[in-house]
Amino acid sequence: MNTKVSIAGVELKNPITVASGTFGSGMEYDEFVDLNLLGAVTTKGVANVPWPGNPTPRVAETYGGMMNAIGLQNPGIDTFVKRDIPFLKEKDTKIIVNVCGKSTEDYLDVVERLGDEPVDLLEINVSCPNVKEGGIAFGQDPKALYDITKAIKAKAKQPIIMKLSPNVTDITEMAKAAEAAGSDALSLINTLTGMKIDVKRRTFAVANKTAGVSGPAIHPIAVRMVYQVANAVKLPIIGMGGVMNTEDALEMIMAGATAVAVGTANFHNPYATVEIIKGIEEYMQTNGVDDINTLIGCVK
């Protein structure tokens, strides 16, 4: 029984990774989860300098999920290279580094710094606001997405995965722009922008006013977008958005995702990833599936 999948020439032992920002860089979950069992570990976003993140409160519960406006708080590339990469290299899993920035130059700084580091794939978070272009996210304008993808692809030594924002009119337009610019793979969806008001305090539940909504409430939207993108481009996809259990992960795969990232589920069930991996193996055995790849995009 084969559970191996390939993303841009990088072979994962199984299709399960974690969504960036929900798993630290692996160290935080090491006492709960055997990281060697995961197809890959996707790190929290890494910038060229440390980011303090947004003011608190930064997290709120909502129906069927949560909202967060952490603001991509991270210790910066120097600490990441010294501390996190050596830790992850001790594990038998692939390393996907999520990269964030506020300008094209910021992204390129990190991508070039990682060029000679032993990491397997770079996931580019284009939901960051472009400070030089009036604050609109790189991932909300096809031309901006095309330009940054092309610039990063020209410098990156590892394959790049462009992480698409769902906060657009047509997700396939963005996917095609990334493909045309040379992206090696895509991941989707990032969080949906939402808002919650604390009626007792008569103020915003999150200091940032708006926040990213994640969890099971967004899963059907994520499956729809993965399906649309899988049928619009030829790139491998890492599907994510409200994946809580084996059935959710299989939905993503059947919609067209080559791999699946588990995010919010990690917060209330640290064992979610390994349970899903086991569940996929049991599904394959029960249903006579010899190769996980036969399930990818099987629903048309």
Side-chain angles (χ1 to χ4, degrees), residues 2-23 38-42 93-94 96 98 120-127 139 159-166 168 171-172 174-176 178-179 183-192 214-216 218-266 272-273 275-277 279-281 283-284 287 289 291-300:
N2 177 46
T3 59
K4 295 175 182 175
V5 298
S6 179
I7 300 283
V10 176
E11 187 178 84
L12 279 57
K13 67 178 72 173
N14 62 63
I16 301 301
T17 183
V18 293
S20 176
T22 66
F23 209 73
L38 301 183
V41 170
T42 303
T93 187
K94 300 301 182 184
I96 303 174
N98 183 282
D120 300 289
L121 294 155
L122 306 181
E123 180 184 62
I124 312 301
N125 180 5
V126 289
S127 293
I160 64 169
I161 306 162
M162 301 308 288
K163 185 172 185 178
L164 302 185
S165 168
V168 294
I171 191 86
T172 63
M174 309 308 295
K176 288 174 183 175
E179 182 181 46
S183 184
D184 300 290
L186 301 172
S187 61
L188 62 144
I189 61 175
N190 209 325
T191 54
L192 286 151
S214 63
I218 74 165
H219 182 66
I221 300 164
V223 173
R224 183 261 296 177
M225 288 191 172
V226 166
Y227 176 82
Q228 286 181 306
V229 169
N231 286 279
V233 300
K234 292 183 167 61
L235 300 178
I237 294 166
I238 301 177
M240 64 193 74
V243 175
M244 310 302 286
N245 52 43
T246 301
E247 186 173 316
D248 293 341
L250 287 167
E251 269 193 278
M252 285 288 191
I253 291 168
M254 292 181 187
T258 297
V260 178
V262 180
T264 299
N266 293 306
T273 47
E275 289 174 3
I276 291 170
I277 291 166
I280 289 173
E281 292 171 353
Y283 175 90
M284 291 173 67
N287 292 276
V289 179
D291 186 346
I292 188 76
N293 291 275
T294 63
L295 296 179
I296 298 171
C298 69
V299 175
K300 294 295 184 186

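- A distance of 7.5 Å separates CD1 in Ile124 from CG in Asn98, rounded to the nearest 0.5 Å.
- Under the side-chain hydrogen bond (donor to acceptor under 3.5 Å, both in side chains) criterion, Glu281 pairs with no residue at all, not counting sequence neighbours.
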Distance-only criterion, 3.5 Å: show the donor-acceptor pairs between side-chain atoms of residues 2-12 and protein atoms not counting sequence neighbours.
from: Asn2; atom 1: OD1; to: Lys4; atom 2: N; distance (Å): 3.1
from: Asn2; atom 1: ND2; to: Asp291; atom 2: OD1; distance (Å): 3.0
from: Thr3; atom 1: OG1; to: Lys13; atom 2: O; distance (Å): 2.8

Might you work through the side-chain contact (heavy atoms from CB on, under 4.5 Å) test for Ile253 and Ile296, ending with a clear yes or no? CA-CA 5 Å; Ile253 291 168; Ile296 298 171; 3.9 Å; yes

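- Residues Pro166 and Asn190 are in side-chain contact: their nearest non-hydrogen atoms beyond the backbone lie under 4.5 Å apart.
- The two atoms that bring Ser187 and Met240 nearest to each other are CB-CE, 3.6 Å, heavy atoms only.
- A donor-acceptor contact shorter than 3.5 Å is absent between the side chain of Asn287 and the backbone of Val289.
- A distance of 11.5 Å separates OG1 of Thr258 from CG of Leu295, quoted to the nearest 0.5 Å.
- Listed here is the closest heavy atom pair of Val226 and Ala257: CG1-N, 3.9 Å.
- We find the CG-CD1 distance between Asn14 and Ile277 to be 4.0 Å, quoted to the nearest 0.5 Å.
- At least one side-chain heavy atom of Ile238 sits under 4.5 Å from a side-chain heavy atom of Thr17.
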Start with the C-alpha gap between Met162 and Val126, add the side-chain angles, then the distance that decides, and say whether side-chain contact (heavy atoms from CB on, under 4.5 Å) holds. CA-CA 7 Å; Met162 301 308 288; Val126 289; 3.5 Å; yes

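- Note that CD1 of Ile161 is 4.5 Å distant from CG of Leu121, once rounded to the nearest 0.5 Å.
- Here the CE-CG distance, from Met225 to Leu188, works out to 8.5 Å after rounding to the nearest 0.5 Å.
- The stretch residues 225-250 participates, sequence neighbours left out, in these side chain to side chain donor-acceptor pair (under 3.5 Å) pairs: Arg224-Gln228.
- With sequence neighbours excluded, the residues forming a side-chain hydrogen bond (donor to acceptor under 3.5 Å, both in side chains) with Asp184 are Lys153, listed by chain and number.
- Across every non-hydrogen atom of Thr264 and Thr22, the tightest pair is N-CG2, 4.1 Å.
- The closest side-chain heavy-atom distance from Ile292 to Met284 is below 4.5 Å.
- Considering only heavy atoms from C-beta on, Lys163 comes within 4.5 Å of Ser20 through its side chain.
- Here the closest heavy-atom approach between residue Ala185 and residue Leu235 is recorded as CA-CB, 4.2 Å.
- Summarising the geometry of Pro15 relative to Ile280, their closest heavy-atom pair is CG-CD1, 4.3 Å, with the distance given to 0.1 Å.
- In this view, Thr191 satisfies the side-chain hydrogen bond (donor to acceptor under 3.5 Å, both in side chains) rule with no residue, not counting sequence neighbours.
- Separating the OG atom in Ser183 from the CG atom in Leu122 is a distance of 10.5 Å, to the nearest 0.5 Å.
- Nearest heavy atom pair, residue Val168 against residue Gly139, reads CG1-O, 3.6 Å.
- Taking 4.5 Å as the limit, every side-chain heavy atom of Met174 sits out of range of all side-chain heavy atoms of Ser165.
- With sequence neighbours left out, Thr294 forms a side-chain hydrogen bond (donor to acceptor under 3.5 Å, both in side chains) with no residue at all.
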